[in-house]
Amino acid sequence: MAEILRTVQVHGVDLFGPLLWPLVWVVLKVVLLLAPVLFIVTYITLAERKVIGAMQVRPGPNRVGFFGVLQPLADAVKLIFKETILPEKADKGLFLLAPLLTLVPALLSWAVVPFSPELILANVNIGVLYILAISSLGAYGIIMAGWSSNSRYAFLGAMRSVAQMVSYEVSMGFTLIPVILLTGSLSLVDVVEHQRTWWNIIPLAPMFFIYFISVVAETNRTPFDLPEAEPELVAGFFTEYSAMSAGLFLMGEYANIVLVSFLGALVFLGGWLPPVSWLSFIPGLIWLGVKAGFLMFVFLWIRATFPRYRYDQLMRLGWKVFLPVSLAWIFLTGLMLQLTQGVGGG
Amino acid sequence: MMVADMIFYLFAALTVLAALGVVGSPNPVHSVLFLVLAFFSTAGLFVLIGAEFLAAILVMVYMGAVAILFLFVVMMLDVDFARLRHEGVRYLPIGLTVGAVMLMELGLMVAHHRLDHGTVATNTVDNTFAIGQALYTRYLYPFEVASLILLVALIGAVALTHRERKHVRRQDIAKQLARTREDAVELRKVVSGEGAS
């Protein structure tokens with residue numbers, strides 16, 4: 001691996017010159033990272049339809065390609081060739097910018113997601129914080145979409161959605177703090193390596209469940225998909241969007257699902273570490289994929305199982321249940337650490 | 001020119017342009033969005049001097065929470081944009097005065113403190129750790145006082161908005177859950193032509 005990298009570096013400098021090569025190299029790395037991510041994002045849409053189909057005892061899409069494997073491509077072609085409708089009274093600039101602002105933060109976060117101790121685009125020492133910060137930007141795309149559409153349904157949907165995202169971001173952030181306390185570092189690589197003795201889900205099981213429910217709410221998925229509750233709000237914040245601009249919102253949503261699944265696998269389920277040491281002949285990348293894949297499956301499973309929450313119930317759950325419980329766990333974790341190892345000195 | 005310098009000028013220019021957009025744009029919602037852009041490019045500048053913890057906190061607190069609330073308030077306001085543009089000139093003297101005072105303060109600060117410390121963080125000490133150490137040892141009391149003030153403000157805001165008022169119906173969860181079929185449904189025998197009174 002290191003050998004190949006060195007050869008690529010040498011040839012790259014020859015080809016592009018020492019000034020241009022670093023830029024080309026960065027772009028190359030970003031493309032290598034985003035291509036598989038976008039592939040997963042595309043195919044989780046198919047997985048969703050197949051899984052829900054199976055749960056409702058029907059085949060799901062099976063006409064395009066073998067077993068329907070080309071369905072996402074057909075959908076993409078359809079979305080691209082449809083007309084993008086700009087509402088007459090919309091704020092045109094913001095209206096077009098909004099879908100990008102939901103997708104881009106979802107992709108930006110991947111910069112700090114480690115796939116193995118070495119395979120990471122930017123090993124910054126505040127990885128967890130970076131992801132929390134970037135994911136808090138996703139709300140802007142939605143609120144801009146709702147406001148610039150100049151439509152009541154879109155505006156109400158955006159208000160709901162942003163209130164929901166802001167509320168659940170708090171509890172999601174608070175569930176990660178005990179992990180940071182245990183690890184003593186904000187770096188995601190350290191967080192995973194610290195789970196060698198046991199995975200974080202063992203001491204922090206309630207935090208894992210709160211984390212998962214919070215991210216389901218944060219990504220606006222069923223049973224918390226109130227922003228697009230179709231009987232009340234048509235389609236919520238993207239009522240006025242059509243063709244690929246609506247497609248970008250959906251891509252942003254799925255990219256977020258994939259991201260939070262990977263984050264959950266890294267932070268609570270031991271990332272690339274095998275569950276027992278004699279299974280370590282299987283590469284870490286596969287372990288990470290299996291764990292994240294399982295969490296993504298749970299997202300789809302939940303969607304096929306639960307009915308939608310009522311909005312006041314959703315807010316109550318976030319602020320009056322998750323927030324106090326996660327705060328109490330932060331306190332408890334700190335207390336246990338102080339008693340067992342005396343972290344005072346740092 | 002180094003790549004880092006180029007990025008610095010890019011972010012600096014973006015910050016200044018966004019700040020001009022905040023005061024210059026006729027639509028208040030655009031102003032808030034420009035403010036968000038200014039926050040973001042400032043965070044970029046923080047990253048460049050190696051203060052990535054501050055950058056992340058800036059994005060999380062100011063962009064993720066404060067500016068969102070601004071946006072909520074501004075979007076809910078029913079404003080007449082044409083009149084607002086007209087009135088902008090009236091507040092120009094106040095704005096200029098505040099600006100001048102802040103510029104003077106900034107000048108004094110630069111004159112009295114050496115600002116050529118180079119980068120804020122060193123490679124040996126993690127700057128998250130350094131900030132924590134400074135806040136919880138040297139600045140412990142100011143830090144605790146600040147958090148107390150925030151707590152008071154928080155409780156004050158809740159107390160102001162959440163008080164019981166006449167003619168405002170409030171949801172009582174316990175009451176909703178305690179409702180039984182016997183309380184809610186009543187079976188009546190209605191005689192034809194008389195109605196259920």
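The structure presented is a predicted model; accordingly, all values stated were derived computationally and were not measured. Excluded from the calculations below are hydrogen atoms, water molecules and symmetry mates; all remaining heavy atoms, backbone and side chain alike, are included. All chains are named by letter (A, B, ...) in the order of the sequence lines, taking the proteins before the strands, and each is independently numbered beginning at 1.
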Which portion of [X] sits near chain A, non-hydrogen atoms under 4.5 angstrom:
X        : value
B:Ala65  : neither
B:Val61  : neither
B:Ile173 : side chain

**OP:** Measure A:Met165 against the heavy atoms of chain B and call it side chain, backbone, both or neither at under 4.5 Å.
**Re:**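 A:Met165 has no heavy atom closer than 4.5 Å to chain B.
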Subject >> Toward chain B, the part of A:Ile126 with a non-hydrogen atom under 4.5 Å >> reply: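 Looking at A:Ile126, just its side chain touches chain B.
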**OP:** Would you please test B:Glu52 and A:Tyr130 for side chain to side chain contact (heavy atoms under 4.5 Å, CB included) and show each step?
**Re:** CA-CA 9 Å; B:Glu52 67 266 7; A:Tyr130 174 88; over 6 Å; no
Closest approach of [X] and [Y], non-hydrogen atoms and distance?
X        : Y        : result
A:Ala139 : B:Ile68  : CB-CD1, 3.7 Å
A:Ser136 : B:Gly64  : OG-CA, 3.7 Å
B:Val59  : A:Ala133 : CG1-O, 3.6 Å

More than 12 heavy atoms from other groups under 6.0 Å of [atom1] on [X]:
X        : atom1 : value
B:Tyr62  : OH    : no
A:Lys320 : NZ    : no
B:Phe70  : CZ    : no
B:Gln176 : CD    : yes
A:Phe155 : CZ    : yes

Subject >> Criterion side chain to side chain contact (heavy atoms under 4.5 Å, CB included) on A:Leu137 and B:Phe40, from CA distance to verdict >> reply: CA-CA 10 Å; A:Leu137 299 185; B:Phe40 192 71; 3.8 Å; yes
**OP:** Kindly say whether B:Met63 contributes a backbone atom to a donor-acceptor pair with the side chain of A:Tyr140 at under 3.5 angstrom?
**Re:**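 Present.
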Original post:
Is there side-chain contact between A:Met144 and B:Leu71, with heavy atoms separated by less than 4.5 Å?
Top reply: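 The answer is no; the side chains never approach within 4.5 Å.
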Subject >> Residue, of A:Val166, A:Ile134, A:Asp91, that accumulates the most heavy atom pairs under 4.5 Å with chain B >> reply: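 That would be A:Asp91.
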**OP:** Please step through side chain to side chain contact (heavy atoms under 4.5 Å, CB included) for the pair B:Met75 and A:Ile143, ending with a clear verdict.
**Re:** CA-CA 10 Å; B:Met75 281 177 176; A:Ile143 202 167; 3.8 Å; yes
